[in-house]
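We count ligands from 1, going down the list as the structure has it; atoms in each ligand are counted the same way. All figures in this text were calculated on a predicted structure; none of them were measured in a lab.
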Amino acid sequence: MKFIFITLFPELIQQAASVSILGRAIKQGLLSVDCINPRDYATDRHRSVDDTTCGGGAGMVLKPETYGQAVARARQLAPQALVAALTPVGEPLRQKRVTQLAQSGRDLIFLCGHYEGFDERILAEADLRLSVGDFVLTGGELPALCVMDAIARFLPGVLGKLVSAEEDSFADALLEYPQYTRPIEYERQLVPEVLLSGNHAAIARWRRKEALRSTYVYRPELLGRMHWQQGDGTLFLEMLREESEKGKK
Ligand code: 4GS
């Protein structure tokens with residue numbers, strides 16, 4: 001899969017894409033990362049990519065022409081690509097969209113702004129607008145890297161083992177259960193005994209219950225979206241009873 005970043009800071013993308021799992025995957029040719037700098041299409045003496053805002057007020061706006069030409073170039077390199085703009089106005093990114101984009105097999109062109117907003121006519125080029133959360137960053141590069149990273153995990157060969165269909169947490173909208181490794185005692189805290197029991201059914205039940213607990217405690221709003229499995233009701237009630245016992249102590 002091809003990822004093309006339209007960005008004023010290609011070095012930020014190239015650095016991030018050069019290490020760890022993504023770095024290795026790119027070396028192996030499992031995905032590719034290219035950058036196109038709108039500044040390369042600026043024509044004036046100062047190579048400007050922004051201008052003052054129509055209607056007045058402080059702040060600058062990214063001009064449409066240079067980004068427009070950069071998108072045109074990106075489309076030449078990846079004619080079937082989807083164009084995604086990173087903006088707080090976009091659809092909040094969730095795992096569902098990530099797997100859908102990975103399965104589509106379409107290349108992606110990311111429109112990254114920096115400091116300032118896009119002229120609305122740049123956004124008209126985008127097939128989708130994505131946000132990584134309700135907060136404001138200095139640029140769209142980190143969000144675009146987040147999107148690529150999340151998709152890359154699903155491309156064949158990128159992770160050691162295939163990502164399972166149920167996929168850690170989130171596929172069924174539950175958080176992960178807590179995990180432990182050795183030592184069995186660390187700073188007077190023990191690994192839960194059941195995990196050392198070798199009883200695989202009991203371990204599976206414990207993990208499911210703790211996933212329900214984490215979600216209930218930390219992200220209760222996710223419970224509304226989760227897929228309930230056979231046996232979840234019992235585990236959930238047990239967990240609720242334990243939590244309310246804790247509250248009494
Ligand atoms: C996000 C975000 C963002 C908005 C870019 C202000 C520079 C900045 N993009 N998810 N101008 N959150 N973009 O904060 O996607």
Is it true that [X] and [Y] have a side-chain N and a carboxylate O under 4.0 angstrom from each other?
| X | Y | result |
| --- | --- | --- |
| Asp232 | Arg208 | yes |
| Arg97 | Glu91 | yes |
| Glu120 | Arg129 | yes |
| Lys248 | Glu245 | yes |
| Glu243 | Lys246 | yes |

So if I count the atoms of ligand 1 from 1 in the order they appear, which ones are less than 4.0 Å from some heavy atom of [X]?
| X | result |
| --- | --- |
| Leu130 | 15 (O) |
| Thr138 | 7 (C) |
| Val136 | 6 (C), 14 (O) |
| Gly133 | 12 (N) |
| Thr87 | 9 (N), 15 (O) |

Tell me: protein heavy atom nearest [atom], and distance?
| atom | value |
| --- | --- |
| atom 11 (N) of ligand 1 | Glu116 O, 3.6 Å |
| atom 8 (C) of ligand 1 | Leu137 O, 3.4 Å |
| atom 12 (N) of ligand 1 | Phe135 O, 2.9 Å |
| atom 13 (N) of ligand 1 | Pro88 CD, 3.7 Å |
| atom 10 (N) of ligand 1 | Val132 N, 3.0 Å |

Would you say Gly139 has any N or O atom under 3.5 Å from an N or O of ligand 1, going by distance alone?
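For ligand 1, there is no N or O atom that lies under 3.5 Å from one belonging to Gly139.
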
Under 3.5 Å, N or O to N or O, is Pro143 touching ligand 1 that way?
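Looking only at distances, the answer is no, because the N/O contact criterion of under 3.5 Å is not met.
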
Output field: ring centroids Trp228/Phe236 closer than 6.0 Å:
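Centroid distance Trp228-Phe236: below 6.0 Å, so yes.
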
Search all heavy atoms of Tyr177 against all heavy atoms of Ala211 and return the closest pair with its distance.
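Of all heavy-atom pairs spanning Tyr177 and Ala211, the closest is CB-N, 4.0 Å.
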
For the hydrophobic clusters of this structure (ILVMFWY residues joined by side-chain heavy atoms under 4.5 Å, transitively), does one cluster hold both Phe154 and Phe110?
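Yes, Phe154 and Phe110 fall within the same hydrophobic cluster.
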
